[in-house]
Amino acid sequence: MAIRSVLGLFNNEDTAADALDALNEAGFDQSEYEVLTGTPYPEGTFGEAEPVHKLYRFPLIGAACGFIVGLLLTSGTQLAFPLVTGGKPILSIPPMAIIMYEGTMLGAILFTVVGIIFESRLPRLLMGAYNTKITEGAIGVAVTTDETKVSQAEDVLRNAGAEDLKRGWETEQNR
Amino acid sequence: MQEHIQLDQKQINDDLLSGVLRTPRWWLPAITVALLVFLTGMGAFGYMLNKGVGVTGLNRPVFWGFFMVNFVFWIGISHAGIMISAILRLTQAEWRRPITRAAEVLTVFSLMAALMAAPLVHVGRPWRAGLWVFPYDFARGVWINIRSPFIWDPSAVMTYLTASTLFVLIALLPDLAVIRDRTTGRARVLYSILCLGWRGTPRQWKLQAVAGILLSALVLPVFVSVHSIVSWDFAVQIGTESWHSTIFAPYFIIGAIHSGVSAVATIMVLMVWLWNWDKYLRPDHLDAIGRLLIVVATTWFFFFFVEWIFALYTLEDPEIAMRELQVLQWPWSGLFILFLITAFFFPVPLWLFKKVRRSFFWMFVTTISVNVGMWLERFLIIVPGTMRKQPFVFDWGSYHPSIMEILMVAMTFAWVVIGLLLFARIFPLIPLFDIKEGMVGRDEIKIGRRTVPASIRE
Amino acid sequence: MSKEKEKWGMVIDVDKCISCQACVVACQSENNIPINSEDIFNQRRAIEWIRVERYWEGEFPDVKARFIPILCQHCGEAPCEPVCPVFATYHNEEGMNVQVYNRCIGTRFCANNCPYHVRYFNFWEPEWPDSLKNQLNPDVTVRSRGIMEKCTFCIQRIRRSKIEASRDGREEVQDEARSINPACVNACPTETLYFGNFNDENSKVSELKKKENGDHGRGYKLLDELGTEPNVIYLKKVDPSAKEEAHA
Amino acid sequence: MHNGESQNGQANLATPAGINTDLLKRHGNTGKLFRSVLLVTGIMFLVGIVGIVLRLLEDGTENTRVWGYHAAAFAFILTTAQGAVMVAIAPRMAKAHWRRPISRVAEMFAVVGIVNLLMFIPLLSVLPSLEDGRRSLWFYNAADPILSKVPVYTPHIWASLSLIFLVLSGLMLLWVSSLADLATIRDSSSGRKHRFFAWLANGWHGTSKQWFMKYHRIGILGAFYFMMLIFTHFLIATDFDMALIPGWIDALFPITHAANSLQAGCATVIIAMFVLRRFGGYGDWIGLDQFWGLGKLMFALSLLWFWFWFSSFIILWYGSRPNEESVLNLIIRGPYQPAFMAAFILNFIAPLFMMMWNPVRKSIWGPTLVATGILIGTFFDRIRLYVSAYSIPGIGDSSVDKHMLHEIPQTVMPHFIDYMIWVGAIGGSVFVYMLATRIFPIINIWEQKELLLYKFHKKLHRTEVLVLGKPD
């Protein structure tokens, strides 16, 4: 079944919150609607579901990868070319520690950035219903649902006091 | 922070995107001048490629000169961004909001300038500088020597550059969406791609906040390691007088913060003067940064003092001769006095006055002065150290830079200016969403007749 | 560490040096060192792998000159080696500190970290007058600009002697013609310089080391307190009349 | 974020009067446990004093070797208890609200300084004068016409002065910051107690001028304490430790010594907090927030521990000059390697791998466990540094080469007198601290009342948020 989205625009936080309540009452699942804002609000301002993320796993995996790469690079290069310099041991641990440290941090940071993008569900190829007024302070309530329930959602939003209603296409993955 | 102006989001968009959506009148002439300086420096570099390092003023005892000074200087400046945005983010200081991005961008471009100053123009065979570490010079059958501080350096600097660039880009996403919504045509397509389809859902905002804290926490240790490693380029050496000191790492770090935070204050003043963002960057912010600078400068001075005490602690002739040269012999004595005045004794007593801290003009003058002083500090560490008066007096030598060297140093400054100007033309230099968040999270407590500013914590 | 067969080194009897500069000239011509013109010298970019330092003591007429030839000390724990990012300088199994010109990129880190100050940088492309171009030693690389160079103990001579020995099927390098000696050693008229293998107990340098080390010997190492373990030993009788202050 | 959530959960604690009643009741009462611990630590203190007297009678002050453990005990108290006061100062300057219940807990450690001052006296006579030819901050050189004019007891004089000023400024800070609380006790008591606290409160009536002066005095004394702490560590670390090891030139060491003190200070306060919560019944006051906030600080300082140590180590390792090698062989690789490894693991590795997990950071037991480890690590670290330095034979003998340590001395094992001294140092510190809690309320009453002004919950549309005021 095709997935459609519809966006209602609200001018203040309270009506937007009311709209969310109304959607909830109308039997929409929490995964079917979301608030779009131009600025971060404290969590739960609109009574929306608290987002759950697993971002903290990414830097750990990244750090482990970076550490291993650093270890292999530093010990590997020294063992592959056992050239003596300045009487330092072939496996000089203090310099290895420095480079392994940088490798660990680089791995952690790269994975974190990937994690942020992944957990933010970006990049989003199809914008769906959107309104440029959101970045000017309006609050959007977007409902992403089956084609059959779209008009019902529109009604709920309109009754809650939406200024402007817009429809957009969605892909299955964006639901 | 007493004064507070509550603005709506449209107003914030209009104000802060003024440099992006329109070209300011001074912008083109400014970037042209910077470009000319840059190209002249590139010309000098070309000449040096053709003739050899002989065109600089470097000579046998003084193997490291202006380029190395400049490298350390830019690495130092680059410490501002993370210092301001990460530490202040982790301590939830409200006044960080308008300056984080400018500081981070300064980090990125000054790191690039540092890379330009050290591996590129510094080495004897710059065409092989790329093979230094990256990619590994495997064609010759030999890997790199990881025991060299010059390998620790690139690993740290590249990590820092990657991290700070990504840090800037991640925090740019919501603001790019704002620009996308304000533009049309090809620009809109470009910004749509750049913002990755940002919509502003609670999930995206939450990750933005977590990302800020997590990345700050991850970048901070890198930031500490970078300048430590740069200082170890010098401190591991036993062949050069006055460098072999264990205090170098913290001493360089705190010096870097001193010069870097000053550079951020300079940029803040310039942002107000050039883009008229006086509603966002107010005397309060300068006041806060001025107070921070007093602490940083004093700590730096303490480390400077300890470094000196322990240089004399050994009571060994070569060290004392070097220090004597540094402070008592012309022209080093003059430079030394100038350094002390510009880096500490001129700005810091002035910052003690609230009027100075809240004045755009005076903050501009004092922070520029700090950076003049900190540049001289690096010069006075690096050059007299290599002049090494003893123990082999046959190798006494002096150093003065050639015009080519000066041009190439100017080139790195021009590069940072170009970078900042281009960035400000394409992206907003003040984070819009951070300002908006500050407006939402702002509250006040009335206690009797007094209003105390408060902020909302979740 | 297992004991290698060879550990080349030098003994320099400073008491015999008359500062005739023969070693310097011999080195320049053996090792294709560019001509140090007056201009280059004034730029402080002269290259001399071995130099004779001269210190004056006292004021005229009560004046004394003291000399000391200084060349790469081929340190056992050379400070210059670990700082090179590209392994352009390392310690080879014959106990020598070698410089690989091809790898060098010219960071000049090694030169800064050499306490003896015997590493030289090619600030310019080396040039010779036409009349001298044919005297370049074919056994030695002509270095280009932008790289470091320094004394090699005339490694080309050691290599040649070894090749000759293996060609003739000999175990040991025979050295009647002193062909293994560096150019400076052969040129020295006063026998100030001795070259040889410290790991060979019968070599002249080992004998001298044995004789001169200890409480009553004249042997010492330059900047011994830095712990660089040089392979060059200096011999000098302590002069009771020496004054504290000396100047170049 | 849940700043300042857990304490004051009970309704009766949300009013100034409620705070007064609860805390004054706790201040007035002593439990059986309290009295028995006081007795035990008092006996420990006596044992320590006997130990010092025995040591003086038996060995005198000529031989430094036997005094190593005493010096380590002194440095341990300097590092932990006297560093703990900084926990009251630094977060107060950063205007962090979570510090409020623990600022007094931390400030009170200033009284332990008195014990340490006592321990310092024998050390003064053990330390040889500058004439022994060692290197010194004070640049004494018998051969030099100018430098020979330096008084040979300069280190002794300056170190004592700075230690005395440190203790005095700590006590002043404690007194000034508790003036308002002393007045509260004065107002709620009668008789001799009333007179005593009236005398201590020094005419505090809470006028706005008094409050203004109080804030300023706290600020100035705090800054002064910090500077004195750094300065004292600087002098003790160089003259009483580094200078005794020939060839040890480490410009960072005095600062490392001070930074270790900040870390160990955090650990000390965390343990004190845990004890108050577990055995003192202050669970309503000292909550997760305090452990979390201080735990993060301690975590950062643990990373700093490594950074400072590594910054020194890499330079000495890389330079590998004979004098540097011999120092590394003495204090890191050689006889004190086990002590070093213990310090390294407990002060850096364990905090890193435990505190990097948020569930551990944000708990009561996590920071406490790590803090215990840090205190043990610091104990080994001070033993490594001081016992090794004092074990160098020939200190005081002008024939010793001041440029290099030629022979690495054997590990010095503690004598039973050393155990007595250690027992006395720790027992005495706890004893004095516990006595002080009888005078000063251990939870800062006025700071708690102040918090009521700046913190409240507010409804924001569909959620409830915490509003925190930050006065300028």
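Each chain gets a letter, A, B and so on, in the order its sequence line appears, and its residues count up from 1. All values below were derived from every heavy atom in this structure, side-chain atoms included, with hydrogens, water molecules and symmetry-related copies excluded.
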Task: Residues C:H117, B:R60; criterion side-chain contact (heavy atoms from CB on, under 4.5 Å); working and verdict - done: CA-CA 9 Å; C:H117 224 202; B:R60 193 151 69 84; 4.2 Å; yes
Open item on the list: With rounding to the nearest 0.5 angstrom, report the CD to SG distance, B:Q237 to C:C80.
Closed with: 11.0 Å
TODO: Side-chain contact test, heavy atoms from C-beta onward, threshold under 4.5 Å: evaluate it for C:I105 versus B:W127 and give yes or no.
DONE: no
Task: Any C:R108 side-chain heavy atom under 4.5 Å of B:H122 side chain - done: yes
Task: Nearest-0.5 Å distance, CZ of residue C:R103 to CZ of residue B:R125 - done: 12.0 Å
Task: Any side-chain heavy-atom pair of C:V86 and B:N145 under 4.5 Å - done: no
Open item on the list: Less than 4.5 Å apart, side chain to side chain, heavy atoms only: is that true for C:F121 and B:L58?
Closed with: no
Task: chain B contact via C:I70 - which portion, at a heavy-atom distance below 4.5 Å - done: side chain
Open item on the list: Could you measure the distance from the CD1 atom of B:I238 to the SG atom of C:C114? Nearest 0.5 Å is fine.
Closed with: 9.5 Å
- [ ] Counting only heavy atoms closer than 4.5 Å, note whether C:I47 contacts chain B via side chain, backbone, both or neither.
- [x] neither
TODO: Answer with side chain, backbone, both or neither: which region of C:I68 has an atom nearer than 4.5 Å to a non-hydrogen atom of chain B?
DONE: neither
TODO: Answer yes or no: is there a donor N or O on one side and an acceptor on the other, between the side chain of B:N59 and the main chain of C:R45, under 3.5 Å?
DONE: no
Task: Whether over 12 other heavy atoms sit under 6.0 Å from C:K16 NZ - done: yes
Open item on the list: Quick check for you: among C:V83, C:I40, C:N112, which has the greatest number of heavy-atom pairs under 4.5 Å with chain B?
Closed with: C:N112
TODO: Would you mind checking which part of B:W152 comes under 4.5 Å of any heavy atom in chain C, side chain (CB onward), backbone (N, CA, C, O), both or neither?
DONE: neither
Open item on the list: Counting only heavy atoms not in C:F41 (residues, nucleotides, ligands), do more than 12 fall under 6.0 Å from its CZ?
Closed with: no
Task: Contact leader toward chain B among C:L226, C:N122, C:L223, where contacts are heavy-atom pairs under 4.5 Å - done: C:L223
Task: Residue B:V55 versus chain C: region with a heavy atom under 4.5 Å - done: both
- [ ] Please check if the side chain of C:N113 supplies one atom and the backbone of B:T240 the other of a donor-acceptor pair under 3.5 Å.
- [x] no
Open item on the list: Let me confirm one number: the OG1-CZ distance from C:T107 to B:F63, rounded to the nearest 0.5 Å.
Closed with: 11.0 Å
TODO: Would you indicate whether C:E127, at its atom CD, is surrounded by more than 12 heavy atoms from other residues, nucleotides or ligands within a distance under 6.0 Å?
DONE: no
Task: Heavy-atom closest contact (C:F109 atom, B:V236 atom, distance) - done: CZ-CG2, 4.4 Å
Task: Option in C:P79, C:A88, C:S144, C:G146 with maximal non-hydrogen atom pairs under 4.5 Å from chain B - done: C:G146
Task: Closest-packed option against chain C by number of heavy-atom pairs under 4.5 Å, given B:G57, B:S148, B:P126 - done: B:S148
Task: Side chain / backbone / both / neither for B:L49 at chain C, heavy atoms under 4.5 Å - done: backbone
Open item on the list: Taking OH in B:Y47 as the centre, count heavy atoms belonging to other residues, nucleotides or ligands within less than 6.0 Å. Is the count above 12?
Closed with: no
Open item on the list: Could you tell me if the side chain of B:I151 sits less than 4.5 Å from the side chain of C:P85, heavy atoms only?
Closed with: yes
Task: Under 4.5 Å from a heavy atom of chain B, the part of C:A46 involved - done: backbone
